[in-house]
Amino acid sequence: MRVVTWNVNSLRARLERVEEWLREVQPDVLCMQETKLADDAFPALTFEALGYECAHHGQGQWNGVAILSKVGLSDVVANFAPGIEPDPDARVITATCGGVRVTCCYVPNGRSLDDDHYVYKLSWLDRLHAHLLADTDPGADVIVTGDFNIAPDDRDVYDPAKLVGATHVSEPERERLQTLLDWGLVDLFRHQYPDAASVYSWWDYRAGDFHQGRGLRIDLVLGSRSVTDRLEWSTVDRNARKGQSPSDHAPVIVDLA
DNA sequence: ATGGTAGAGCATCTA
C-alpha cells in the first residue's frame with residue numbers, strides 16, 4: 001500500500017500536475033494539504049475518474065485538506081473528533097483507508113515565536129494529540145501525516161544556526177511532536193534513513209532556495225508500530241518540485257507491505 | 001534589517 005502526503009499549495013493552480021503525478025506514481029492513498037478550495041469546488045469527479053474515492057474538508061481561500069483512496073474510504077471525520085474544541089480553519093481530516101486510520105493534517109505555520117499564530121500552533125498540536133486519543137488507538141494501524149510545519153531535528157534543516165529563534169524548529173513545537181511520537185508513532189522516513197541529512201520536503205519559492213538546497217523536512221508520515229513493521233520504502237519525490245509551476249512542497253511517499 | 005516568489009483575489013494577506 002503506497003501512501004503519500006503532499007502540500008499542493010492550491011489545487012486549482014496545481015490540478016493538472018497532481019493528475020499527471022497520480023497517473024505516474026499511482027499511490028493508494030494521497031493526503032493533500034492547502035487545497036485552498038471550498039468543498040463544492042473540489043474536483044471529486046476528476047479524481048474518481050482516476051479510481052479514487054475522496055473526502056475533502058475545505059474552506060475556500062486558505063487551508064483545506066483532502067484524503068484520496070483507492071483502497072476504501074470510510075468513517076470520515078472532518079475537523080477534530082467530537083468533544084475537542086473545533087478548529088475554525090479547515091486543517092484536519094481523518095478516514096479509514098485499507099484498514100489504516102489516516103489523519104491528514106495541515107499544522108498552522110506559527111509565523112514567528114511572538115505571534116498569536118504561534119500560540120494557536122501549539123494549541124493546535126495539543127488538540128491533535130487529544131484528537132488521536134479520542135479517535136483511535138496506537139495499537140491499531142494508524143498513520144498521521146501532512147504538513148507539520150515542524151522540522152523534527154537539526155538534520156532536517158539546511159542551516160540550523162540561521163533558524164535559531166524561528167518557528168518550525170523551536171523547542172515547544174518539537175516537544176509537542178515528541179508527544180505524538182511518545183503516544184505511539186514513528187517518523188517513517190527517519191526510521192528508514194536514521195542518518196540522512198539534507199533531505200527536505202519544502203523549499204521557499206524565493207531566492208532560488210530549491211536550487212541552492214535551502215529547505216526543511218516538515219512534511220511527515222508518522223506510523224503506529226504495526227504500520228512501521230510494514231514499512232518497505234520511503235522517499236521524497238524531489239522531481240515534483242521541479243519544472244513549471246511546482247508546489248513549494250514535494251510529495252513524501254511511503255510503501256507498506 | 002530587508003527582500004526575494006507564489007497563490008489567494010484585487011488591497012493586501014499568507015506562506
Side-chain angles (χ1 to χ4, degrees), chain A residues 5-21 30-43 46 56-66 79 87-93 104-125 128 145-152 156-170 172-174 176-177 200-220 236-252:
Chain A
T5 183
W6 194 5
N7 180 325
V8 296
N9 186 14
S10 170
L11 196 47
R12 210 189 297 279
R14 214 73 60 209
L15 185 56
E16 270 189 49
R17 270 192 85 120
V18 172
E19 276 187 83
E20 186 184 4
W21 189 89
L30 173 64
C31 293
M32 283 187 285
Q33 303 85 37
E34 284 206 270
T35 62
K36 297 185 178 178
L37 295 175
D39 286 334
D40 60 13
F42 185 78
T46 299
H56 181 244
H57 175 43
Q59 69 182 78
Q61 194 171 16
W62 292 309
N63 310 309
V65 284
N79 213 317
D87 185 0
D89 289 356
R91 294 181 176 273
V92 59
I93 188 167
C104 166
C105 43
Y106 175 43
V107 177
N109 175 286
R111 298 177 192 166
S112 64
L113 302 193
D114 59 357
D115 196 297
D116 283 346
H117 203 260
Y118 178 73
V119 178
Y120 166 55
K121 181 181 197 174
L122 298 182
S123 147
W124 200 95
L125 290 163
L128 176 60
T145 187
D147 176 0
F148 280 78
N149 274 315
I150 301 171
D156 303 312
V157 173
Y158 71 96
D159 186 351
K162 228 172 193 166
L163 288 168
V164 170
T167 182
H168 296 64
V169 298
S170 73
E173 53 198 298
R174 282 178 167 171
R176 279 160 175 85
L177 177 59
Y200 309 126
S201 64
W202 171 84
W203 301 259
D204 199 304
Y205 282 123
R206 295 169 287 189
D209 276 9
F210 177 72
H211 297 285
Q212 300 294 325
R214 291 189 292 264
L216 304 176
R217 191 176 70 89
I218 55 177
D219 298 272
L220 310 176
V236 180
D237 183 6
R238 286 182 85 259
N239 286 328
R241 181 60 174 78
K242 299 176 182 172
Q244 194 162 15
S245 303
S247 169
D248 45 353
H249 294 253
V252 180

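Bear in mind that the values here come from a model prediction, so they are computed numbers and not experimental data. Within every chain, numbering begins at 1; the chains are lettered A, B, ... in the order of the sequence lines, protein sequences first and strands thereafter. Note that these values count all heavy atoms, side chains included, but never hydrogens, waters or copies made by symmetry.
Among the heavy atoms of the strands, none lies under 4.0 Å from A:Arg214. If you check every strand for non-hydrogen atoms under 4.0 Å, A:Phe210 touches nothing.
Mapping A:Asp204 and A:Gly110 onto DNA chain B by nearest heavy atom places A:Asp204 at the nucleotide closer to the 5' end. For the pair A:Asn149 and A:Ser245, both in contact range of DNA chain B, the more 5′-proximal nearest nucleotide belongs to A:Ser245.
The separation of B:dC10 from B:dT5, taken at their P atoms, amounts to 23 Å, rounded to a whole angstrom. Distance noted for atom P between B:dT2 and B:dA6: 23 Å (whole Å). Taking the P atom of each, B:dA1 and B:dA11 are spaced 33 Å apart, rounded to whole Å. One C1' atom belongs to B:dA15, the other to B:dG3, and the distance between them is 15 Å to the nearest Å. If you take atom P in B:dG9 and the same atom in B:dG4, they sit 24 Å apart, rounded to whole Å.
For A:His57, the ring-ring contact (aromatic ring centres under 6.0 Å, His included) criterion is met by no residue, not counting sequence neighbours. Residues that satisfy the side-chain hydrogen bond (donor to acceptor under 3.5 Å, both in side chains) test with A:Asp159, not counting sequence neighbours, are absent from this structure. The salt bridge (Lys or Arg N to Asp or Glu O under 4.0 Å) test applied to A:Arg176 returns A:Asp126, not counting sequence neighbours. Listed by chain and residue number, A:Arg190, A:Arg217 satisfy the salt bridge (Lys or Arg N to Asp or Glu O under 4.0 Å) test with A:Asp156 (two or more places apart in sequence, or in another chain). Under the salt bridge (Lys or Arg N to Asp or Glu O under 4.0 Å) criterion, A:Glu20 pairs with no residue at all, not counting sequence neighbours.
The span of DNA chain B lying next to chain A, judged by atoms under 4.0 Å from heavy atoms, is bounded 5' to 3' by B:dG4 to B:dA15.
Of the inter-residue distances, the one linking A:Asp147 atom CG with A:Trp202 atom CH2 reads 9.5 Å to the nearest 0.5 angstrom.
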